[in-house]
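Quick note: residue numbers are just sequence positions, from 1. Because the structure is predicted, anything quoted here is derived from the model rather than measured.
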Amino acid sequence: MLWFRAPEKVYFKKGCMPVALDELKNVLGKKRAFIVTDSFLYMNGYTKPITDKLDELGIVYQCFSNVQPDPTLANAQEGAKAMTAFQPDVIIALGGGSAMDAGKIMWVMYEHPEVDFQDMAMRFIDIRKRVYTFPKMGEKAYFVAIPTSSGTGSEVTPFAVITDQETGVKYPLADYQLLPNMAIVDTDNMMSQPKGLTSASGVDVLTHALEAYASVMATDYTDGLALKAMKNVFEYLPTCYNDGSNVEARSKMADASCLAGMAFANAFLGVCHSMAHKLGAFHHLPHGIANALLISLVVEFNAEECPRKMGTFSQYPYPHTRARYAECARFVGIQAASDEEAVKKLIEKIEELKAAVGVKKTIADYGVDEKYFLDTLDNMVEQAFDDQCTGANPRYPLMSEIKEMYLRAYYGK
């Protein structure tokens, strides 16, 4: 058996947020809302359209605006404590991946204070067959996710990442109980994304789509979403980057982010994300930039017809990633006489897109110290190999191969 899971309600279109929020009172009968966001969004008035609507509906609310860029367990505990004191029946997470991830963790702590994070973070091969069963969510509060960037797709995914501030260990939690109940993808919330965020989050969307399409767990249900997402990115990201006020381009990128989110929520990701997670953790590069620096290397790596080792999943009988990438290439308008040529041209197209949106060529270009990079390299390699995302990669990497890709990404060879 395979599956496809998405939030019960996904609303999209510029201006849809107030209409969707109407449901909280008029359909769902909610009375107490707890808003989770970060200080920048709060201070710059992003919560005001939400609180104005809640006032109009007669829903009382409290706002927690202290979400950190990489939320820690202590940060989530602080929010969960405020949530428990307020006793909301609806939680509204507004922001990028950090705010939505933190909101999901607070939701778990609020509904199930007894949970053990070590148990929830336990790895698995197949999300349906696990040693640990997640507690049932949504019995105390309904969860609404509202993205403000076209990037993570967290509004439609069952994932949340939280960092233990004592050990520095990142806990990637994954379970369909963490799926938001409602996602509101309103372009109005994304019109003022700065250039750097537009660029980094946009290439993150492309990486989500490419990795979901190449995954050993990809299906026809996820393929269509991934293809349309990557086509939107190639067509509209440069316009978003150069003219942030272009409503059509912003809307198409918002759609791409959400479509790619639904694709990888069900097909999962691959070794590019495994490596990017560690590059971010050790060297504090923005997640989208980390992916951008690695994705072309990973496409080249995965397209090998006779890999030393392949990913294992019952529906994935033999390596065929080159043909899969060639399908992506042709869908986004690349003409090629062979699959090999199509993949080569796809990599060139990715590199052209990165250059067009200001992504630098190497890790070194982002000011990462060479000695420190080399000192941390073995730890990054080991942790990337052990990352939850690696299992769905179509070519199972050796540690030496991960190390080689990191070095090529650093020096640009």
- request: Using the test side chain to side chain contact (heavy atoms under 4.5 Å, CB included), find all partners of Asp375 that sit at least two apart in sequence or belong to another chain.
  value: Lys371

- request: Quick one: which residue pairs count as a salt bridge (charged side-chain N to carboxylate O under 4.0 Å, His left out) with a foot in residues 204-214, not counting sequence neighbours?
  value: none

statement: The ring-ring contact (aromatic ring centres under 6.0 Å, His included) partners of Tyr110 (sequence neighbours excluded) come to none

field: Partners meeting salt bridge (Lys or Arg N to Asp or Glu O under 4.0 Å) with Lys30 (sequence neighbours left out)
entry: none

task: Applying salt bridge (Lys or Arg N to Asp or Glu O under 4.0 Å), name anything that partners Glu370, two or more places apart in sequence or on another chain.
output: none

message: Using a strict threshold of under 4.0 Å (side-chain N to carboxylate O), is an ion pair present between Lys14 and Asp188?
response: yes

query: Mind checking what makes ring-ring contact (aromatic ring centres under 6.0 Å, His included) contact with Phe373, not counting sequence neighbours?
result: His283, Tyr410

- request: Only counting residues at least two apart or in another chain, list the ones meeting salt bridge (Lys or Arg N to Asp or Glu O under 4.0 Å) with Lys345.
  value: Glu341

Pairs touching residues 224-248 that satisfy salt bridge (charged side-chain N to carboxylate O under 4.0 Å, His left out), sequence neighbours left out: none

task: Please list, chain by chain and in numerical order, all residues satisfying salt bridge (Lys or Arg N to Asp or Glu O under 4.0 Å) with Lys9, sequence neighbours excluded.
output: Glu23

Which atom pairs, one a donor and one an acceptor, fall under 3.5 Å between side chains of residues 258-266 and the rest of the protein, sequence neighbours left out?
unit_1 : atom_1 : unit_2 : atom_2 : d
Asn266 : OD1    : Arg5   : N      : 2.6
Asn266 : ND2    : Arg5   : O      : 3.0
Asn266 : ND2    : Met262 : O      : 2.9

task: Under the side-chain hydrogen bond (donor to acceptor under 3.5 Å, both in side chains) rule, collect the residues that match up with Asn242, sequence neighbours excluded.
output: none

task: Enumerate the residue pairs fulfilling salt bridge (charged side-chain N to carboxylate O under 4.0 Å, His left out) with a member in residues 39-49, sequence neighbours excluded, ordered by first and then second residue.
output: Lys48-Asp52

